[in-house]
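Not measured: the values here are computed from a predicted model.
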Amino acid sequence: MRTKIKVNVRGRKTFPPFPQIGNLSQNEVWELLYGWPGGFEREELARAMYAKHRDELIAAMSLGHRPSAFWKFEDGIPDELRRERVYEEEFASYDAMILAEEKLQCDRAKFLLEHPELWRPGENREIFTEMITIREQNIDSLEREAGK
């Protein structure tokens, strides 16, 4: 269930209502779904809430995508895929940050393609293959632009 952020008449962003998951607060849901800090004081509590609401959190994402907490807490995830977010200040430029994020998302899609036991209902090989193809095209384009 992917929703777009809309802009109202005054040019301000209006966010869709956050999905109600158990008795989690908005900040807790956002931390588990998107990795935005501020939802939990301790990582142990975030891990416990992810385990408790795992299926609901995964269902809140579009097919082929997983919540941030999946990559952080799920067993069997390679360390290089556990990175939560890519931040601009870690890179020489905004374009370098976007390229790193595309590569990370491509590698995550490849991991999920190789592990059908982690697929949710409605997901299939074609979804992940298409995601990988699109990400690889984006990576090629970004690398060409960087080379100019």
Side-chain angles (χ1 to χ4, degrees), residues 1-139 142:
M1 177 178 80
R2 193 173 208 178
T3 55
K4 293 184 179 180
I5 297 174
K6 298 179 181 175
V7 178
N8 68 18
V9 186
R10 294 188 178 125
R12 294 185 181 143
K13 291 180 181 176
T14 57
F15 294 91
F18 75 100
Q20 184 60 49
I21 297 177
N23 59 351
L24 297 174
S25 72
Q26 181 176 2
N27 287 343
E28 291 169 338
V29 170
W30 283 348
E31 182 171 334
L32 293 172
L33 288 178
Y34 309 115
W36 298 345
F40 298 96
E41 291 181 22
R42 297 184 334 270
E43 186 172 302
E44 300 81 30
L45 182 56
R47 181 182 298 274
M49 291 299 101
Y50 170 71
K52 180 177 181 180
H53 300 289
R54 178 187 183 274
D55 293 340
E56 291 173 275
L57 290 161
I58 291 173
M61 303 298 288
S62 300
L63 290 177
H65 298 274
R66 296 295 180 274
S68 178
F70 173 90
W71 300 108
K72 186 174 183 179
F73 300 131
E74 199 73 27
D75 291 334
I77 304 293
D79 288 342
E80 64 270 14
L81 301 181
R82 290 195 179 275
R83 180 182 190 118
E84 286 186 59
R85 298 188 66 79
V86 174
Y87 292 100
E88 187 174 0
E89 57 270 9
E90 298 176 36
F91 298 93
S93 68
Y94 180 77
D95 291 341
M97 179 194 74
I98 296 300
L99 178 59
E101 181 67 22
E102 284 294 321
K103 287 180 177 180
L104 175 63
Q105 295 306 325
C106 186
D107 290 343
R108 286 176 171 179
K110 288 176 182 177
F111 176 81
L112 289 171
L113 175 63
E114 295 167 2
H115 293 86
E117 71 277 8
L118 296 175
W119 295 357
R120 64 184 241 217
E123 290 179 336
N124 56 50
R125 181 167 296 284
E126 290 76 30
I127 287 174
F128 294 108
T129 303
E130 183 178 347
M131 288 177 66
I132 292 165
T133 300
I134 291 168
R135 296 282 184 189
E136 287 175 341
Q137 290 170 350
N138 291 345
I139 291 165
L142 289 165

Exercise. Are F73 and E43 close enough, and set up right, to give a side chain to side chain contact (heavy atoms under 4.5 Å, CB included), and what steps lead you there?
Worked result: CA-CA 10 Å; F73 300 131; E43 186 172 302; 3.8 Å; yes

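- For P121, there are no side chain to side chain contact (heavy atoms under 4.5 Å, CB included) partners two or more places apart in sequence or in a different chain.
- When all heavy atoms are compared, the tightest approach of N27 to G38 is CB-O, 4.0 Å.
- The backbone N or O of F40 lies less than 3.5 Å from a partner atom in the side chain of E31, making a donor-acceptor pair.
- Once rounded to the nearest 0.5 Å, the distance linking CH2 of W119 with CZ of R125 reads 5.0 Å.
- Nearest approach of F111 to L81, heavy atoms of both residues: CB-CD1, 3.5 Å.
- Remark: E28 engages no residue in a salt bridge (Lys or Arg N to Asp or Glu O under 4.0 Å) (not counting sequence neighbours).
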For this session: Test M49 against L24 for side chain to side chain contact (heavy atoms under 4.5 Å, CB included), laying out the working first.
Result: CA-CA 8 Å; M49 291 299 101; L24 297 174; 3.8 Å; yes

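- Note that CZ of R135 is 11.0 Å distant from CG of L142, once rounded to the nearest 0.5 Å.
- Residues that satisfy the salt bridge (Lys or Arg N to Asp or Glu O under 4.0 Å) test with E44, not counting sequence neighbours, are R42.
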Exercise. How far apart are the C-alpha atoms of E80 and D107, what are their side-chain angles, what is the distance that settles it, and do they pass the side chain to side chain contact (heavy atoms under 4.5 Å, CB included) test?
Worked result: CA-CA 9 Å; E80 64 270 14; D107 290 343; 5.9 Å; no

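- Expressed to the nearest 0.5 Å, how far CD of Q26 lies from CD1 of I21 amounts to 12.0 Å.
- Sorted by first and then second residue, the salt bridge (Lys or Arg N to Asp or Glu O under 4.0 Å) pairs with a member in residues 59-68 read R66-E123; sequence neighbours excluded.
- Taken to the nearest 0.5 Å, the CG atom of L57 stands 12.0 Å off from the NZ atom of K52.
- Among all heavy-atom pairs drawn from G122 and I127, the shortest one is O-CD1, 3.3 Å.
- The structure places CG of L33 at 6.0 Å from CE of M61, a figure rounded to the nearest 0.5 Å.
- The side chain to side chain contact (heavy atoms under 4.5 Å, CB included) test applied to E74 returns Y50, R54, F70, I77, not counting sequence neighbours.
- Qualifying salt bridge (Lys or Arg N to Asp or Glu O under 4.0 Å) partners for E136, counting only residues two or more places apart in sequence or in other chains: K110.
- Distance check, rounded to the nearest 0.5 Å: NZ of K103 to CD1 of I98 gives 13.0 Å.
- A donor-acceptor pair under 3.5 Å is absent between the side-chain atoms of R83 and the main chain of L104, judged by distance alone.
- For E41, the CD atom counts as loosely surrounded, since its 6.0 Å shell holds 12 or fewer non-hydrogen atoms of other residues, nucleotides or ligands.
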